[in-house]
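First comes the structure, then the notes that go with it.
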Amino acid sequence: MSIVKRNNLFFPALMNDYFAPDWFGGTEKWNAPTPKVNIKDNEGEFELELAVPGMKKDDFTVEVDNDVLTISSEIKTENEEKKDNYTRREFSFTSFKRAFTLPETVDGSKIDAKYEDGILKLTLPKRQEALPKPKRLISIG
């Protein structure tokens, strides 16, 4: 059995209920999550799939430096609306950065990336030495 510590103070709960809704416009996006990643280990390559809907392929930067694969994106938007006696401006900033240490079995010079239907798919081919070798029958002499 584990001990559970509870804090049933009235005041902090009241403050959380007051500040939890998005009263100030846009604060709910402050802790935006990083994209989810699926990693598949196929026979001849690794596949990375990032779920990043609503973006364009030009929004991404994919780099390999010292066997570290870095995938990042940074989008800034500004909307301005002018009416008779007021001007309204809205700014939006979205970014993420994911880094993966490549194993020695990956050939970093042949990495390929495609963006299609909200999925960024990277193919990381394995080095020739790392590929599984077929069975070999040895004759007894």
Side-chain angles (χ1 to χ4, degrees), residues 1-83 85-141:
M1 179 185 283
S2 62
I3 298 173
V4 177
K5 182 179 179 181
R6 291 185 171 227
N7 187 359
N8 290 331
L9 298 175
F10 174 72
F11 186 69
L14 178 66
M15 294 304 286
N16 287 341
D17 289 342
Y18 181 73
F19 287 113
D22 191 17
W23 300 106
F24 304 109
T27 57
E28 66 189 23
K29 301 278 185 187
W30 284 355
N31 294 327
T34 57
K36 305 296 182 210
V37 177
N38 292 330
I39 301 175
K40 298 177 189 175
D41 183 2
N42 298 329
E43 188 173 320
E45 76 235 356
F46 291 100
E47 286 183 12
L48 264 71
E49 295 177 333
L50 278 82
V52 282
M55 299 179 89
K56 298 176 282 191
K57 67 179 184 177
D58 298 332
D59 294 337
F60 301 103
T61 303
V62 180
E63 304 173 321
V64 177
D65 185 28
N66 292 331
D67 292 330
V68 176
L69 173 68
T70 305
I71 304 164
S72 61
S73 176
E74 187 175 297
I75 301 172
K76 299 176 187 177
T77 58
E78 179 181 337
N79 296 329
E80 185 174 332
E81 179 182 337
K82 292 186 179 187
K83 294 279 181 162
N85 59 352
Y86 71 91
T87 300
R88 183 181 78 173
R89 281 187 163 172
E90 292 185 11
F91 299 97
S92 174
F93 180 78
T94 306
S95 69
F96 75 87
K97 187 173 191 176
R98 297 288 309 254
F100 304 92
T101 303
L102 298 177
E104 293 177 4
T105 57
V106 170
D107 187 357
S109 64
K110 296 181 181 175
I111 295 175
D112 184 40
K114 293 180 183 176
Y115 182 68
E116 191 173 281
D117 297 330
I119 304 291
L120 178 63
K121 184 176 181 179
L122 285 91
T123 305
L124 294 85
K126 294 181 180 177
R127 294 184 192 274
Q128 196 64 27
E129 315 79 67
L131 296 176
K133 307 233 185 312
K135 283 189 203 179
R136 189 169 62 111
L137 184 61
I138 300 172
S139 61
I140 301 173

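Keep in mind that what you see is a predicted model, and the values were worked out from it rather than measured. By convention here, the first residue in the shown sequence is residue 1.
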Please report the interatomic distance CG(L120) to CG(L48), rounded to the nearest 0.5 Å.
8.5 Å
Under a 3.5 Å distance rule, please check whether R98 uses its side chain to pair with a backbone N or O of T34 as donor and acceptor.
no
CD/E81: more than 12 non-hydrogen atoms of other groups inside 6.0 Å
yes
Decide, yes or no, whether a salt bridge links K76 with E78 under the criterion of side-chain N to carboxylate O below 4.0 Å.
no
List for me each residue that meets side chain to side chain donor-acceptor pair (under 3.5 Å) alongside E47, sequence neighbours excluded, and say none if there are none.
N42
What's the separation between atom CG in D112 and atom NZ in K110, rounded to the nearest 0.5 Å?
12.5 Å
Are more than 12 heavy atoms from other residues, nucleotides or ligands located less than 6.0 Å from atom CD of E104?
no
Compare every heavy atom of A51 with every heavy atom of P35, then report the nearest pair and how far apart it is.
CB-O, 3.5 Å
Okay, side chain of S73, backbone of D59: is any donor-acceptor separation there less than 3.5 Å?
yes
Under a 4.5 Å cut-off applied to non-hydrogen side-chain atoms, are F96 and L50 in contact?
yes
Quickly, which of L69, D107, V68 forms a side-chain contact (heavy atoms from CB on, under 4.5 Å) with L102? Name it, please.
L69
Separation between CD of E49 and CD1 of I39, rounded to the nearest 0.5 Å
10.5 Å
Would you confirm whether Y115, through its side chain, and F60, through its main-chain N or O, come within 3.5 Å as a donor-acceptor pair?
no
Please give me the minimum heavy-atom distance between E45 and P125, naming the atom from each residue.
CB-CA, 3.8 Å
State, with a plain yes or no, whether a side-chain heavy atom of V37 is found less than 4.5 Å away from one of I71.
no
Closest non-hydrogen atom pair, T70 against K97:
CG2-CE, 3.5 Å
Would you indicate whether the side-chain heavy atoms of D41 and K126 approach each other to under 4.5 Å?
yes
In this structure, OG1 of T123 is separated from NZ of K40 (nearest 0.5 Å) by 10.0 Å
Let me confirm one number: the NZ-NZ distance from K121 to K114, rounded to the nearest 0.5 Å.
7.5 Å
